[in-house]
Structure formats: structure tokens, C-alpha cells
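Here is the structure we will look at, set down as C-alpha cells.
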Amino acid sequence: MTSLVERYLAAAMRGIPDRQKADVERELRSSIADAVEDRVSGGEDRVAAETAVLEGFGDPTRLAAGITGRPLYLIGPDLFLVYRRLLVTLLSLVVPVVAVVAAAAELGGGRGYADAIIGGIGGGLTVGLHIAFWVTLGFAIIERVDAATWDRAELKEVTGPWTVERLPELPSRTGVSLGDTVTEILTTLLSIGALLFLRGFTLPAEASGDPVPLLHSGFVGFWLPALIVGFAALVGLEVVKYVVGRWTMPLALGNAALQLAIAVPAVALAIGGSLINPEFAARIGWPPLAQGTGPVMLSIAAASLLVACWEIFDGFRHARRSSSESEATGGLTA
Amino acid sequence: MVDPELLGTHRQELRRGTVVLACLLALRAPGYGYGLLKTLERAGIPSDANTIYPLLRRLEERGLLESEWNTDDTRPRKFYRTSAAGVALADLLMSDVTDLAASLRTLNGGDIG
């Protein structure tokens, strides 16, 4: 026996419980010797024979795992679905609550909105990482508990056996779900909130004079309220669409008109350099920020245009599909 | 032309379940690990050392094999022999394999015409 075989045996024995060690080692040793002798008697060099035999036995850790029946995975197919469901449920329940509480605590402590947002995101992330780590660790341990000492069936029953009642509903035939509507409305309200937040954003006054607002005074005076009205109309459109239950051609046309009414002024204002206060840009030392030909304004113009085009296209696409679908089902029921 | 990699995967899949049966059948006459590997190889059911040794221990734990150390030879060897329960299981599995082969032949015959 050379050091190669000894090293292999030592590596394999590391994963074997004490009560089995002597027996397993003895068997492996004699098996390796049998295989090596066979090759050597066939005229092979001893070291080459040992190398070939050990490589045939493969990774000693894997061999030991096979002998003890230990899994070579973190969480197996038996537990994976329970694990995922628990993780998703915990994350989706706890993380938002913690984020909101952390943000509220920052605000309550007299901090500004920016600190509150950072605090909320930080709190949510920290708690999310903790949940993910501990749940994963717990399941990895359960996976390694001897199946004989603890029946995993109980754990799988936590979520109950799967029945047809668990089947998710088919998406609404007309393609307007409550979830979509709520998401659209929240996104739009968020845009309004962002506009209002930016309107109030100022740099503190220098020695003399007034604070320097971020937004162009011309924009704040007329176009900003007009844009907010436009967004509010979009919220109204979403509500009407939900009540109607599907996209119709008139709704798609109304949507197109509103999108254009928002995008055209936005593009014109951006390219015209009338969005950002030039004084603000000068104060932060980057005048191109406010210029219509600067990268920021061009990006805003391009993004507004793209979003509007997509929303208009999407509206007509859905309207066409739902009108052809209602014809199809009408034909079937007739 | 069948992709050799694909063929390999499916062959392995097909054979995985038969290794247990092959061991139970072969060890109706007592044998030790390396001897069993050679026997299986000669029988046209080649297997790996890192499959066979864990498998022998698992089958022994379930009472399908019995083992005994033989120290008469120059080298001590762990001999396994299929237990009564193992023989009964092998009989059932063997008739399953025969049935399966017959069923597949029927399906195949129906296919080709």
C-alpha cells in the first residue's frame, strides 16, 4: 500500500461515522488491493495501477456520502417545494412590513425622506437576507437528519397535500385583472408623487438670495400641474377599463390621446431645456444637466417617447385581441 | 444518428434500476465486492466501484443481503450473500423485468407493424 491509497482511505473515512469506520475501511482496503493486484498481474506498473483504480473509485467524499446515504445536495426534491413556499411567504409578508416600519422610524426620528427611503430599503434587505439564510440552513439540516429518526412526511403536511382547489384561476379572459389595474394605478400615482417631490427639491440658498429649486420655474408654473392632470386622467382610464372589464377601441384611443398629451410636452420641454433650472445645474457644477442637448434631457425625451409608443401599441393590441376573442366566443355560444 | 451523449444518459437511466436486481441475482452465490464487479462485467452489466460498494451496504442494511468476513485467504474479504428476503425480492423483480420486456416488445411490434 502506498501513500496514495492511504491518503484515499483517510479522505473517505472522514465522512464515515465511527461505528462503521473499521468495517468500511477494511472492505475498501481489500477491494482496492484486489483491483490493484488484478491490474499488476496483467503487467501494469503498480503506481499506475493504483492511480487508475482510485480514479475509478472516484471522489472519496462522494463515495463516503454514498455509503452513509448522505445527500450531495443542499435541499432535495422532497423538501424543495415546501422550502420555496415557506421562503416566498415569509419574504413577501415580513420584508415589506419591516421596510415600512424602518422607514417610518427614520421619519419619526426627524430624518428626511431620502434617509427614510434608504433606511427602509436597508431594513428590508437585512431582514430578507436573515430570513433567506436561516430558512435555508434549517431545511439543509432537516435534509440531513436521518429519515429513520424523524419522518419528513409531517413537514410536507404543513402545507397539506396538493388538491385541485389549489389550482390558480385562469387569467381573466378579457385580460384586465385587478392586480394589473392596481399595479398600473400605483405606478401612475408614484409618477405623480415623484413630480411633486422633485418640485419641492431645492438646494439651500447661498449667502444671499433664495433657495435654488431643481425644476425650471416655467415648468413648475404651468406644465407640471398639467402633467399631473394627465396622470390623474390615466388613473381614471384604468378604473374605467377595469369596470368595463376589457380593452375596447374607444379606451385604446383615449389611452393614445392621453399618452400623447403627456409625452409630446415632456419631449418638447426636455429638448427645449425647460425642465431643469439652469441655475441649479450651474450650482452643482454640471450645466449640461439642464441643456436640451445634454445627455440627461435627451434620455428623458427618448424614454418618454418610447414609453408612450409602447403604451399606445399595447392598448391597441389588447383592444384588438379582446374584440376578436369576444367574437370567437360569441360564435361558439350562438 | 443518435447523439452518443443522449444515448449514454438514457442507457444509464435504464440500467440504474437493474443494478440492484443484478446484485441480488449474482450474490445468491456468496461473493465479495471486487469479484462481484468482475461478475457483472462478464455478464454484460458493467457497473462502477463507487456505485456497487454503497449499494451493497444499503442492501445489507435493508436485510436483502447478509455479510460475513472471510479471513481464510491471504487477504480478508467481506463476503455478501443474498438473504431469503433478497431472493424473494429478486424473484418478483425478475418476473417484472420479463413482463416489461414482453410489454415493450408488444409495443414495438405494434409500431413497426
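These numbers were taken from a predicted model, which means no experiment stands behind them. Both backbone and side-chain heavy atoms feed into the values below; hydrogens, waters and symmetry mates do not. Lettering of chains follows the sequences in order, A, B, ..., and the numbering in each one begins at 1.
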- Item | Electrostatic pair A/Arg46:A/Glu37 at N-O distance under 4.0 angstrom | yes

Cut-off 4.5 Å, heavy atoms of chain A, and the answer for B/Arg77 is both

Margin query: For A/Phe57 and B/Tyr53, take the angle between the two ring planes, folded into 0 to 90°, and tell me which bin it lands in: parallel under 30, tilted 30 to 60, perpendicular over 60.
Written below: parallel

Parallel, tilted or perpendicular: which fits the ring planes of A/Tyr83 and A/Phe139, with parallel below 30° and perpendicular above 60°?
perpendicular

Rounding to 0.5 Å, atoms OH (B/Tyr80) and CD (B/Glu66) come to a distance of 12.5 Å

Engaged part of A/Asp59 at the chain B interface, taking heavy atoms whose separation is under 4.5 Å: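 When you check distances to chain B, no heavy atom of A/Asp59 falls under 4.5 Å.
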
Any idea which of A/Asp34, A/Ile67, A/Val53 has the most non-hydrogen atom pairs under 4.5 angstrom with chain B?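 Counting heavy-atom pairs under 4.5 Å, the top option is A/Asp34.
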
